[in-house]
Amino acid sequence: MEYPFEQIERKWQKKWQEVNLWQAKMNPEKKKYYVLSMFPYSSGALHMGHVSNYSIADAITRYFLMKGYNVFQPMGYDSFGLPAENFAIQNNTHPQLATEDNIKTMRKQFDNVGFGLDWSNEISTSRPDYYKWNQWLFKRFYEKGLVIKKKAHFNWCTDCQTVLANEQVLEGNCWRCDEKVVLKEMEQWFLKITDYAEELLDFSNVSCWPERVITMQKNWIWKSEGSKIYFKLIDSDKKITVFTTRPDTIFGCTYLALPPEHPIVINWLKESNVDQKVKSFCEKTINSDSSLRTTDDFTKEGVFSGKYCINPVNGDKIPIWITNYVLVEYGTGAVMAVPAHDQRDFEFAKKHDLHIKIVIQNQERDLTVDKMKEAYLESGFLTHSDAFNDMDSISSMKAINSWMEEQGIGNKAVTYKLKDWGISRQRYWGTPIPIIHCNKCGSVLVPDEDLPVELPVDIEVGKTRQNPLLSAEEWLNVKCPKCRGNARRETDTMDTFVDSSWYYARFIDSHNKQKPFSKEKADYWLPVDQYIGGIEHACMHLMYARFIHKVLRDLNLLSSNEPFKRLLTQGMVIKDGAKMSKSKGNVVEPLYMIDRYGADTVRVFMLFASPPDKDVEWNDEGVMGAFRFLNRVWRLINNNVDIIKKNANNTVKESFDVLNDLRYSTHLTIKKVYEDIENRMHFNTAIASIMEHLNNVTAIKNVNLLTKQEQAVFAEACLVIPRLLYPFAPHIAEELWQLTGHKDLIHEAGVLQYRADFLKKDEITYVIQIKGKVRGKMTIPVDTTEDEIRRQALKVDNVEKYIQNKTVKKIVVVKNKLVSIVV
RNA sequence: GCGAAAGUGGUGAAAUGGCAGACACGCUGGAUUUAGGAUCCAGUGGGAGUAAUCCCGUGGGGGUUCAAGUCCCCCCUUUCGCACCA
């Protein structure tokens, strides 16, 4: 007989709703705990990955609920974006309709799993009451100088027909559709995330973020400290600025290396007398696939530009080369080449027979150009460096920097790889950028009272590949807010990462019509205490959100420095060795499983299969194991309801010694489960210890023949099970709690306290090792002295055999554990 | 190439430097049952032995230690991130 999970789950889901258990109520008297899972894209279906993610979050939520915290776990939908638009195009519908339909379906699915979610604060990013505040924030950013417009070459996905941020290009392809990304010149709106680069490198205000994510973000920002140095061109007033982290080697610079994309090179190519070799090299390099530059067999090539410049520190005339190994997008896009002390420059110089000049000598001072097989990268003493000769190279950097600054030929500088965040997307299904273009006034912000700029809905999506907003005449043509003349709306929409960069803050006050959220609420609920989601967002979403949060703080909308205090990156759900996906045909539908075994079983299986940060291997037999476990719990309690009820108030006394082992098991399990949840968030071992305890309880037979005292121990052992199980299998826990005569909801009983005195043992079993191998065991009273332990250990049967005819050199006693004898 | 994490039974996995394999799946045998994807009992790393017990065993090799899956060094494999960052 299976336990009636379906009926039980409906019942308690309804009950939790009725008492508004999950609705956020701000209460400064009470400590809050804000648990957030990355909200789903409104695809119309929850998949196993979601269920896994939300089961982890719900376990944490319910644990803190039991602890008496004011918990908050909201949910909503990331509902703007290309997939909805593409779906609408294919199915000849409107993204809005499709999205709202999907949301309805998903909500039903959510309800089936029984997560403790506050739906009164549901948000959906594609609704005007949400994206209005995207626009409002855009304006505040604009007023703060954090929005700029740039015309440049951008990553353009030919399939999605839109621009992509640097982060969204993976190995030269689009992160969504995998189509090739090309460069296209256009005008784009940017958020100046680089203004916050330095602060984004500081992780001192987060705790428990995986080191991996921190490293990835630091890597992405890539800060370098060094100098900018200006090289004047010969026969021209123009200067080329280079960035270097090694100003100590400036005297050894023997050529300049530029990429063909460098603005000055582009200008040269426009000159009438361009060398054909230079021209063809530039064209070839620019057109070559940029992802080829990262392959192993990539060779450094270049061509002499025919131009020279002056090394500002010593007046040397040095040639300028155009090369394929310098990145235009990093630093100043120009490199001072020091072949003696940079491996890349060394190789290039050798190949093209360029001058190599040693300016850092090693300790032995025996470096010579002839003997050099590779560049000398270490520190040392300066040489051929005029006034700086014999200075050690490390301290010379500071001296050279300040000297260059005095001379006006260079200065100390810091650069980041991180680029400003291009947020313009040439698509329909996103937040309209609240800008009006006027021929007279330029780009004008839409006044606050006209927000939101709503997406026109009576529009045909998908007639052409281009942005449908371009043909929405009625929407497009407006009056300029400044001069009242004819003007046009901006047709670009925002990157959907803008939506998800502050949604956690809107959740706390989602109905606010005056502001994105109230500061009072923000200061109570934020930061999010525990954020849970996939590792794939390490460099995009998680960095954008940190950036936006810091700006919100500087706009005085909230006070905290970071959006997410603790972060858990959960693993993927795997089946047959691969991530579940339709194309692989290995998808398991959560709803089907919930139908068959119940939500509690599916959750327990997910959490039991592995620690949350590791991948979960889906296994049909494993699910049945979880189901059997809950059935065993169900039977145990049901079969013994009377005894449990009768003994509910019959407290277990300290001084009696029947069923000692069971009492021990009860209290050890309480200790273990809470430690596993709180200290490590290892739900798999927490559930394992509940299973172990269940095995201990069910080993007791003939319960009716037990004495009154023994029955009290037994009843206690049974009653802790639902309470320990509540974070993982809340429905069955509530039902069993009620069944055993309790009127309140189970969390109201609070967390269990284990009794340390019940975990003390009178006797301890010592393991006896000889030369590191276990040779025997002995059980002796706890208070035996060390000398006595030694004496007795030597007398154990099997042990004696091993120490005969040998001298005992040393006996190590580890209290309460083992004795190690060295012979 | 650089960096990080990981490598343990047939499987998912456990093990503050202290009895390797908890817990679960699967499998084997048994009980009960008209039947079982039900329940209960026993067994389950490999090898030797009737048994007590012994030998081997956490990717490979060395080392530290009374004691190493765990700490240190070298190597191999896998996964992830970065990849001409001047």
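For the numbers below, each heavy atom of this structure counts, side chains included, while hydrogens, waters and symmetry mates do not. Given the structure is predicted, the values throughout are model-derived calculations rather than measurements. Just so we're on the same page: letters track the sequence lines, and every chain starts at 1.
- Nucleotides B/G69 and B/G63 place their P atoms 15 Å apart, quoted to the nearest Å.
- Not a single donor-acceptor contact under 3.5 angstrom links the side-chain atoms of A/Glu621 to the base of B/G37.
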Atom pairs under 3.5 Å, N or O on each side, protein against nucleotides 3-10 of chain B: can you list them with distances?
none

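- Here A/Asn631 does not reach the OP1 or OP2 of B/A38: none of its side-chain N or O atoms lies under 4.0 Å away.
- Listed candidates were B/C23, B/C19, B/U16. Nearest to the side chain of A/Lys817 is B/U16.
- Summarising the geometry, the separation between NZ on A/Lys579 and C1' on B/C80 is reported as 14 Å, rounded to the nearest angstrom.
- Rounding to whole angstrom units, CH2 of residue A/Trp634 and P of B/A38 are separated by 20 Å.
- For residues 604-619 of chain A, every residue pair satisfying the side chain to side chain donor-acceptor pair (under 3.5 Å) rule, not counting sequence neighbours, is listed here: A/Trp618-A/Asp620.
- If you check every strand for non-hydrogen atoms under 4.0 Å, A/Arg596 touches a base.
- Between B/G21 and B/G9, the two C1' atoms lie 7 Å apart (nearest whole Å).
- Where A/Asp615 and A/Thr698 meet RNA chain B, the nucleotide closest to each residue was compared, and A/Asp615 sits on the side nearer the 5' end.
- Between A/Lys810 and B/C66 there is a side-chain N or O to OP1 or OP2 distance below 4.0 Å.
- If you take atom P in B/G12 and the same atom in B/G7, they sit 12 Å apart, rounded to whole Å.
- Among the nucleotides B/G26, B/C19, B/G12, the one closest to any side-chain atom of A/Ala609 is B/G12.
- Listed candidates were B/C82, B/C19, B/C23. Nearest to the side chain of A/Ala688 is B/C23.
- When distances run from any side-chain atom of A/Tyr330 to the nucleotides B/C19, B/A15, B/A86, the shortest one goes to B/A86.
- A donor N or O paired with an acceptor N or O is found under 3.5 Å between the base of B/G37 and the side-chain atoms of A/Tyr597.
- Among the atoms of the strands shown, none is found under 4.0 Å from any heavy atom of A/Asp345.
- Remark: the A/Glu198 side chain and the A/Tyr416 side chain contain an N/O donor-acceptor pair separated by less than 3.5 Å.
- OP1 or OP2 of B/A67 has not a single side-chain nitrogen or oxygen of A/Arg775 nearer than 4.0 Å.
- Between B/A83, B/C23, B/C40, one nucleotide has an atom nearer to the side chain of A/Arg632 than all others, and that is B/C40.
- The shortest distance between the side-chain N/O atoms of A/Tyr325 and the OP1/OP2 oxygens of B/A86 is not below 4.0 Å.
- Comparing B/C54, B/G18, B/A86 by their nearest atom to the side chain of A/Thr245 picks out B/A86.
- Put simply, A/Tyr255 has no side-chain N or O that comes within less than 4.0 Å of OP1 or OP2 on B/A86.
- Side-chain atoms of A/Thr194 and A/Asp420 form a donor-acceptor pair, as typed in the model, at a separation below 3.5 Å.
- Between A/Arg628 and B/G36, a side-chain N or O to OP1/OP2 separation shorter than 4.0 Å is absent.
- Separating the P atom of B/A22 from that of B/G30 is a span of 25 Å, rounded to the nearest Å.
- Out of B/A13, B/C19, B/C23, the shortest distance to the side chain of A/Lys777 is found at B/C19.
- With hydrogens and angles left out, the side chain of A/Lys809 and the base of B/C66 share no donor-acceptor pair within 3.5 Å.
- Here A/Arg596 does not pair with A/Glu6 in a salt bridge; the nearest charged N to carboxylate O distance is not below 4.0 Å.
- For the residue pair A/Tyr376 and A/Asp342, no side-chain donor N or O sits within less than 3.5 Å of a side-chain acceptor on the partner.
- Shortest non-hydrogen contact noted between A/Thr698 and A/Asn695 is OG1-O, 3.2 Å.
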* To do: Output, in order, the C-alpha distance, side-chain angles, deciding distance and verdict of side-chain contact (heavy atoms from CB on, under 4.5 Å) for A/Lys223 and A/Val414.
  => CA-CA 7 Å; A/Lys223 175 183 181 178; A/Val414 174; 3.8 Å; yes
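- Between the side chains of A/Thr569 and A/Arg212, no donor N or O sits under 3.5 Å from an acceptor N or O.
- Side-chain N/O atoms of A/Asn619 include none lying less than 4.0 angstrom from OP1 or OP2 on B/A24.
- Side chain of A/Asn219, nearest nucleotide from B/C55, B/C82, B/G18: B/C82.
- Counting any heavy atom pair closer than 4.0 Å across all strands shown, A/Val822 reaches sugar-phosphate atoms only and no base atom.
- With no hydrogens or angles considered, a side-chain donor-acceptor pair links A/Ser224 and A/Tyr330 at under 3.5 Å.
- At the heavy-atom level, A/Asn798 lies under 4.0 Å from the strands shown only through sugar-phosphate atoms.
- Using a 4.0 Å heavy-atom cutoff across all strands shown, A/Val774 reaches sugar-phosphate atoms only and no base atom.
- Using atom P as the reference point in both B/G46 and B/U58, the two lie 15 Å apart (nearest Å).
- In terms of phosphate contacts, A/Lys773 brings no side-chain nitrogen or oxygen within less than 4.0 Å of OP1 or OP2 of B/U53.
- Between B/A15, B/C82, B/G12, one nucleotide has an atom nearer to the side chain of A/Arg680 than all others, and that is B/A15.
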I'd like to know whether A/Thr332 forms a side-chain contact (heavy atoms from CB on, under 4.5 Å) with A/Lys228, so could you lay out the CA-CA distance, the side-chain angles of the two residues, the decisive distance to 0.1 Å, and finally the verdict.
CA-CA 8 Å; A/Thr332 58; A/Lys228 279 183 181 165; 3.8 Å; yes
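- The 5' end of RNA chain B is approached more closely, in terms of each residue's nearest nucleotide, by A/His682 than by the other of A/Trp220 and A/His682.
- Side-chain N/O atoms of A/Arg790 include none lying less than 4.0 angstrom from OP1 or OP2 on B/C66.
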A correct dot-bracket answer for RNA chain B, with pairs being Watson-Crick or G-U at under 3.5 Å, [ ] for crossing pairs and | for inter-strand pairs, is (((((((..(((.....[....)))((((((.......))))))((((....))))..(((((..]....))))))))))))....
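- Annotated as syn: B/G9, whose O4'-C1'-N torsion sits within 90° of 0.
- A side chain to side chain donor-acceptor pair (under 3.5 Å) check over residues 807-823 of chain A, counting only residues at least two apart or in different chains, returns nothing.
- A distance of about 11 Å separates the C1' atoms of B/U70 and B/A20, rounded to the whole Å.
- We find that A/Glu329 and A/Lys419 are not joined by a salt bridge, their nearest charged nitrogen and carboxylate oxygen being 4.0 Å or further apart.
- A side chain to side chain donor-acceptor pair (under 3.5 Å) check over residues 532-542 of chain A, counting only residues at least two apart or in different chains, returns the pairs A/Tyr531-A/His541.
- Atom C1' of B/C80 sits at a distance of 25 Å from the matching atom of B/C72, rounded to the whole Å.
- A/Gly625 comes within contact range of the sugar-phosphate backbone alone, with a heavy-atom separation under 4.0 Å but no base atom that close.
- In this model, the phosphate group of B/A38 is not approached by any side-chain N or O of A/Arg635 to a distance below 4.0 Å at OP1 or OP2.
- Checking B/A86, B/G18, B/C40 against the side-chain heavy atoms of A/Lys701 singles out B/C40 as nearest.
- Applying the side chain to side chain donor-acceptor pair (under 3.5 Å) test to A/Asp595 and every residue at least two apart in sequence or in another chain returns nothing.
- Nucleotides B/G3 and B/U53, compared at atom C1', are 50 Å apart to the nearest Å.
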